[in-house]
Structures are given as structure tokens and as C-alpha cells.
Amino acid sequence: MKIQDMLIEALKTLQIPQPTQIQIERTKHPDYGHFSTNLAMMLTKTLRRPPMEIAGEIVKALPKHTDIIEKVEVKAPGFINFFMAPKELQTVVDEILKSGSNYGRSIQGKGKKAQVEFVSANPTGPLTVGHGRQAVLGDSVARILEWNGYEVEREYYYNDAGRQMRILGHSTFVRYRQALGFSDEFPEDHYQGEYISDIAKKIVEKYGDRFKDDPENEIFKNSAEQAVFEDIKATLKRIDIEFDCFYNEKSLYENGEVDAVLKKFEEIGASYEKDGAIWFRAGQYGGSDDRVLWKSVMDEATYRLPDIAYHTTKYKRGFDIVVDIFGADHHATYPDVLAGLKALGYDTSRIKVLIHQFVTLTRGTEKVKMSTRKANYVTVDELIDEVGKDVVRYFFIMRGMNSQLNFDLALAKTEGEENPVFYLQYAHARICSILRNAKIQGIGLNEPFDEGLLQETEALSLLNVLSEFPEVVGICHDTLEPQHMTTYMQKLATAFHKFYTDHRVLTSDRNLSVARIALVRAVRTVLSNGLSFIGISAPEKM
RNA sequence: GCCCCGAUAGCUCAAGUGGAUAGAGCAUCUGCCUUCUAAGCAGGUGGUUACAGGUUCGAGUCCUGUUCGGGGUACCA
């Protein structure tokens, strides 16, 4: 960065040793210029002099580059504020138009493979609002990594062998009997959802009463699983989420990964037998207490063992970065998995675990409890029907994942068109409309322009916001939090709407019009890139 | 008991590594459409950032304690 180089040069002339890091930040308020540094305040400790004094000397010693920096100010308690020259701000238009849909992309992940694992709900029923948050969050994290140059794989891990699935199969069986006219009672702890009856009816259509006395027949569980999975995939597709891989836990037993972990643990003494069960010394590897890996009672593994084995495959499959996304209810399980991997000698710093808090559903002031069993949930599909794909996606990532998300169903309906997502899309549509009009007036979109004509306050602040986009992509990468992009997009749209209100793009002055067209084309590019970054469509008309 | 997350405007929420005057939307009040999309813009009202201490040039952000809410703490996943 140019400002940084200038500061380093100033420190050299003053013979002040350079601190390990020079912080340069964008300012919040225009009064403080475009960038500022706390360098003088950082130096006050080592130099033992007042920061204002140091700041003054640094500013005097700064090399003069009036084409880049228009003004430098010192403000109490010792900030050095840089005001960029219009000429410097104006260069971004050309840069954006040249880069187009690549503007903002970073290459820091180039050549690296990343995997994002999310949703991973067992196929017992439709995706609910709770899953929705994770689905959108996970896909957004994947998009963040893609924008930063990684080759990204989206993975869905599931288990179709557990107790839940047995109950699902039996639920289907009972509905099947009922569909055949038997008056079997439906057990309370079974899956109450109507989708089970639909699946059962299809079995009746296809096979009649052939299985009426065969509750153990695999057809019940298998048909249910298949149907549910198809629904889940269809739902995800509606919000533009597609997985590259569905990984079945069962395969870890079939391909020997589970056994391999057990054997290795035994070899290195990370496990021991007690009370007929096999325990993992999690405490020795950064976990809290020792945990059971293999149950004595049922003679089967606990979930930890296949989870550890599963994660070893992530290393074996060559991912440089692995992101696991869990709901708050799973936060206690991952330390054991990490401890297991550490025991096996893997570098666990490659694994990033993101925990998101729950979605609390309310209808007005009334809380809606959700349970897949009792079928009293709101599905992602219903949500999409209600507010549309873009709003669903935006809604789930506009809040930080650490906060519980309150979803008021009553409000979701009324907010409708006042939703912040329309604000962004409207800015894009407005620009498209201007460009259509420009064409009608016979102004070409690619005519050479004089960027020096973009000098109004509103234009300059818009240019400043535009130049921030690549940094936001970087912040999203560092934090793996997509909401930084939504916050930025609001800021960009605001800057544009403000410019639009105060200045016409198509004026009687042709040169000015051409320059402003270039500006709004740059805005459109960044809007469109940002919307694609968060997976929201950029409409040309609204 | 112990662990994780949260508490910011009347409501829902922002605020990258500690920075300056804590921001949006909704709600409410007032202005702005014979000119490119008013799904917009400008302005008003609204805050002791749960509470009490601490760290420092500086704390919504870090530390300690308290209160309240959510989630966990299994030979369930």
C-alpha cells in the first residue's frame, strides 16, 4: 500500500525504528479523511513522548505525493489522517471496468483445495428453518473461499443407519398399513409429518399389500430415505445450493477407515478397554474427559469414532482447509474429534469449526417450538414460497452467526417489499435502466471517458466505497463471516442512491454523461459481484 | 456444578485485528416526483452499549465478578 511506504520512508528520515506492524484503517467519518493510522500512538511507548508531537514530525517527514494524497492532518489524540486526491480515487473506475466480474477476487487461496461441510442433516424429514440458516451460511462460506481463489468442494455428511432412520422406516411401515386400511395406531414418538404418508401411498401404488406383515423390510426405510433426500436436494437447489459430495457414514465401515482408526489408537496407546468398552484418552490430546469409542452394550461405535475416521478422510482427500459448520447443539462434539485427529498426528489447524446459534421462530410474540418428529416446524420450502429465494438467503446471513436469529413469521410477511435485499437490487435495476436510456440516446457504453469529471462530493465518496470492495472480500476470508459483505453492500447502495438523487447521469453535457455512465457501470459491476458473492440475483428490472 | 453463545434505540440487528462523533431497517414525525425507476433521497424523535469493577493514551470490543436468556455437558447423533 502506498501510504504504508510513505510512512516507512518518514520513519527512516526521522531515524525512528519501524514497529512490527503499521496499522492503516479506513475511517468511519469523512472528517477524518479516507485512511488513518495510529502509528504515532503506537510509538509513544517506545519513544516516551506525546503522540501529538510524534505525529507532527511524521507528517513533516512524509514524502510529498500530491497526486495521491491531497492533505494530511493530525488529530487528537494522535491520529494521522490521509485525504486522498480525487485523481487517485478516480482511477478505480477504470480498474473495475477492466476487471469486470473478476473485480475483487483474491488469489490468496490459489492452488489450494478447500472443503466446506454443512447441513449434514440425516434424511428423516424436510429441511426446516433451522437447517436453512446452516445451509445458507455454509454455501456463503464456500463462496467466500471461491472468491479468494480456493477450489472449493461442498460436502453433505449423513448417517442412514442410526436409530432415527429405523424409526423413520417404521413410521413409513405404519402409514403403509394405514393406507391399506388397517387401523394401526401411529406411535407418538414416530415421525408425524405428512410426507411419510405420501411415501407410504406410493409403496401401496407400486406393491399393493405385499409387505403388510413385513415391518423389517428395507423398502420402508429406503423409500423414505430416497424420497426425503430428493426433497432436500430440490429445496437446496431452489436457493442455489448444490453439493459436490454426499458422504455416507456407512462407507467408513465398508472401506475400513473406522477399523484403521481403532487400530492406530491401540498402537499408539491412545485408547484402552474398561468395563468392556473401548475408551479414547481424549484428555491427553486436548479434549476434556476420556470418551467411549466402542460401546459394550450394543457392540457398536459411538458417533465419535466414525466422526474421527470421517475427518481423516478429509486429510487423505487432500484438502488444505476444511470448514465444518455445526449448530450450537453440536458444539460439544468437535473438541473430541479434534483431539482424535491430534492423536493420529494430523495438523488440526487446517480445520475451522464454525458454530452458529439457533433460529428462534416466533409468530408475533408467540414462540414456535420446532421438532421434526412432531412435524411442527416451518420448512425452508415454505419460507421460499413466502418471501422468495433472495430474501431467504439474505435474511440468514445478514446477522452474525453467533447471535440467535429471531425470525418473526408475521413480520416476514409484512416486511416483504421493504426488505433490505430489495434496496440492493433496486440500485442495480436503476443502473440498468439508465444504461438502457443511454443506449436510446445513442451514447455508447464503452466510449472513452474523462474520469476527472467525476468530482462532486457524492461521486468521490461513491468512488471511495467502490475501492473498498476487494478489502471486504479479504475481511470475509479472514473471518469467514459473510455478513461483512451484506453490510458493505448496504453502504455501497446508499452511496449510489445518494449520488443518483443529487446528480443526473444523462445530462446535456455529453462528456459528463459519458464519464458518469462509466461510473455507474463500475457501480453496477461491484453490485453484481457483491450480490453474486452472497448468492443473490441482480435483476435488470424491478 | 462445569463448558459454549448472547445482552447495543420502542422492535429486529450492524459496528475486521481495541480507535475518534456507536450505525442501519422497522415504527413515528416533517419535507422532496411536469427531467435517467419515489422499492429512492434529506431531516426530526429515539442510547449511561444488562450491571459492578479492572487493564490503557483510548473499551460495545480485552480481563474478573454478578444478573437474565439460549445451547450443551451420555456406552443418543
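FYI, side chains are in, hydrogens and waters are out, and symmetry mates aren't considered; it's all heavy atoms of this structure. Numbered from 1 within each chain, the chains take letters A, B, ... in sequence-line order.
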Practice task
Respond yes when some side-chain nitrogen or oxygen of Q483(A) is under 4.0 Å from OP1 or OP2 of A15(B), and no when none is.
Solution key: yes
Exercise for the section: Can you check whether any acceptor in the base of G72(B) is under 3.5 Å from a donor in the side chain of D329(A), or vice versa? Expected result: no
Problem - Minimum-distance nucleotide to N159(A) side chain [options: C75(B), A77(B), U17(B)] - result: A77(B)
Fill in the blank from the handout: Among the nucleotides C36(B), C75(B), A20(B), whichever has the atom closest to the side chain of K75(A) is A20(B)
Practice task
Considering only atom C1', compute the distance from C51(B) to U67(B) and round it to an integer number of Å.
Solution key: 7 Å
Practice task
Check every strand shown and say whether S433(A) touches a base, only sugar-phosphate, or nothing at a heavy-atom separation below 4.0 Å.
Solution key: base
Handout entry: Among C36(B), A77(B), G72(B), the nucleotide that comes nearest once only the side chain of L506(A) is considered
Key = C36(B)
Completion exercise
Partner of U48(B) under the Watson-Crick or G-U wobble criteria, both distances under 3.5 Å, comes out as none
Problem - A59(B) versus G53(B) - spacing of their C1' atoms, nearest Å - result: 14 Å
Problem - Centroid-centroid distance, Y303(A) to H330(A), less than 6.0 Å - result: no
Problem - Near-strand residues of residues 486-495 of chain A, defined as heavy-atom separation under 4.0 angstrom from RNA chain B - result: T487(A)
Problem - Base-pairing assignment for G31(B) (Watson-Crick or G-U wobble, both under 3.5 Å) - result: C41(B)
Practice task
Could you tell me whether P51(A) contacts a base, only the sugar-phosphate backbone, or nothing, with contacts defined as non-hydrogen atoms closer than 4.0 Å?
Solution key: nothing
Practice task
Quick one: label E540(A) by what it contacts on the DNA or RNA (base, sugar-phosphate, nothing), any heavy atom closer than 4.0 Å.
Solution key: base
Practice task
Assign the ring pair F280(A) / F265(A) to parallel, tilted or perpendicular, where the plane angle (0 to 90°) is split at 30° and 60°.
Solution key: parallel
Problem - Closest to the R436(A) side chain, choosing from U37(B), G69(B), G19(B) - result: U37(B)
Problem - Face-to-face contact F79(A) to A20(B) six-ring, under 5.5 Å, under 30° - result: yes
Handout entry: Side-chain-base donor-acceptor pair under 3.5 Å for T302(A) and C75(B)
Key = no
Exercise for the section: Grab the CD1-P distance between I144(A) and G16(B) for me, whole Å please. Expected result: 15 Å
Handout entry: Span that lies between the C1' atom of C57(B) and that of G10(B), in whole angstrom
Key = 37 Å
Problem - Face-to-face contact Y500(A) to G40(B) six-ring, under 5.5 Å, under 30° - result: no
Practice task
Classify the angle between the aromatic ring planes of F246(A) and Y158(A) as parallel (below 30°), tilted (30 to 60°) or perpendicular (above 60°).
Solution key: perpendicular
Practice task
Using the C1' atoms only, state how far U21(B) lies from U49(B), rounded to an integer number of Å.
Solution key: 15 Å
Practice task
Could you work out the separation of A15(B) and U61(B) based on their P atoms and round it to a whole Å?
Solution key: 14 Å
Handout entry: Pairing partner (Watson-Crick or G-U wobble, both distances under 3.5 angstrom) of G1(B)
Key = U73(B)
Practice task
Answer with base, sugar-phosphate or nothing: what part of the nucleic acid does Y303(A) contact at a heavy-atom distance below 4.0 Å?
Solution key: base
Practice task
Indicate, with a heavy-atom threshold strictly under 4.0 Å, whether D289(A) touches base, sugar-phosphate, or nothing.
Solution key: nothing
Exercise for the section: Provide, to the nearest angstrom, the distance between the CZ atom belonging to F496(A) and the P atom belonging to A39(B). Expected result: 14 Å
Practice task
Please determine if a side-chain N or O atom of R304(A) lies less than 4.0 Å away from the OP1 or OP2 oxygen of A77(B).
Solution key: no
Problem - Ring centers of Y156(A), Y247(A) separated by less than 6.0 Å - result: no
Fill in the blank from the handout: The answer to which of K274(A) and M41(A) contacts RNA chain B further toward the 5' end, by nearest nucleotide, is M41(A)
Practice task
Pick base, sugar-phosphate or nothing for A429(A), based on heavy-atom distances below 4.0 Å to the nucleic acid.
Solution key: base
Completion exercise
Of the candidates U17(B), C4(B), G40(B), the side chain of Y423(A) sits closest to G40(B)
Problem - Ring centroid separation H497(A) to Y500(A) under 6.0 Å - result: no
Fill in the blank from the handout: Closest to the side chain of V297(A), out of A77(B), C75(B), G71(B), is C75(B)
Exercise for the section: Have a look at H330(A) and say if it touches a base, only the backbone sugar-phosphate, or nothing, with a 4.0 Å heavy-atom cut-off. Expected result: base
Handout entry: Rounded P spacing from A20(B) to G60(B) in Å
Key = 9 Å
Practice task
Write down the distance separating the P atoms in G69(B) and C26(B), rounded off to the nearest Å.
Solution key: 32 Å
Problem - No-hydrogen, no-angle side-chain donor-acceptor test under 3.5 Å, E117(A) and S120(A) - result: yes
Practice task
Looking at every strand, decide which applies to L293(A) at a 4.0 Å heavy-atom threshold: base, sugar-phosphate, or nothing.
Solution key: nothing
Practice task
Take the protein atom CE of M401(A) and the nucleotide atom C1' of C4(B), then report the distance between them rounded to whole Å.
Solution key: 15 Å
Exercise for the section: Answer yes or no: does a side-chain N or O of N437(A) lie under 4.0 Å from OP1 or OP2 of U37(B)? Expected result: yes
Exercise for the section: Check whether any side-chain N or O of T501(A) sits under 4.0 Å from OP1 or OP2 of C41(B), and answer yes or no. Expected result: no
Handout entry: Phosphate contact (A20(B) OP1 or OP2) by K28(A) side-chain N/O below 4.0 Å
Key = yes
Problem - Aromatic centroids of F326(A) and F118(A) separated by under 6.0 Å - result: no
Completion exercise
Between F499(A) and W279(A), whichever has its closest RNA chain B nucleotide further toward 5' is F499(A)
Practice task
Using a heavy-atom cut-off of under 4.0 Å over every strand shown, decide if H428(A) touches base, sugar-phosphate, or nothing.
Solution key: nothing
Practice task
Examine the base of A20(B) for any acceptor or donor lying under 3.5 Å from a partner atom in the side chain of D31(A), and report the outcome as yes or no.
Solution key: no
Handout entry: Distance, rounded to the nearest Å, where E481(A) contributes CD and C13(B) contributes C1'
Key = 14 Å
Exercise for the section: With the side chain of Q404(A) defined as its heavy atoms from C-beta on, choose the nearest nucleotide among A77(B), G69(B), A39(B). Expected result: G69(B)
Exercise for the section: Quick one: label G78(A) by what it contacts on the DNA or RNA (base, sugar-phosphate, nothing), any heavy atom closer than 4.0 Å. Expected result: nothing
Practice task
Among U17(B), G70(B), A38(B), find the nucleotide with the atom closest to the side chain of R430(A).
Solution key: A38(B)
Exercise for the section: Assign D307(A) to base, sugar-phosphate, or nothing according to its heavy-atom contacts below 4.0 angstrom with the strands shown. Expected result: nothing
Handout entry: Atom pair CD1 (I355(A)) and CE (M401(A)), whose distance is rounded to the nearest 0.5 Å
Key = 9.5 Å
Handout entry: Same-atom distance (P) from A42(B) to C33(B), integer angstrom
Key = 16 Å
Exercise for the section: Please work out whether the ring planes of Y488(A) and F469(A) are parallel, tilted or perpendicular, with thresholds of 30° and 60°. Expected result: tilted
Handout entry: Candidate nucleotides U37(B), C36(B), A15(B), ranked by approach to the side chain of H484(A) - the nearest
Key = A15(B)
Exercise for the section: When you get a sec, tell me which of U17(B), G19(B), C36(B) is the closest nucleotide to the side chain of R504(A)? Expected result: C36(B)
Handout entry: R49(A)/E57(A) ion pair, N-O < 4.0 Å
Key = yes
Problem - Residues N81(A) and E73(A): side-chain donor-acceptor under 3.5 angstrom - result: no
Exercise for the section: Looking at every strand, decide which applies to H497(A) at a 4.0 Å heavy-atom threshold: base, sugar-phosphate, or nothing. Expected result: sugar-phosphate
Handout entry: NZ or CZ of K71(A) within 45° of F83(A) ring axis and under 6.0 Å
Key = yes
Problem - K295(A) side-chain N/O to A77(B) phosphate OP1/OP2 under 4.0 Å - result: yes
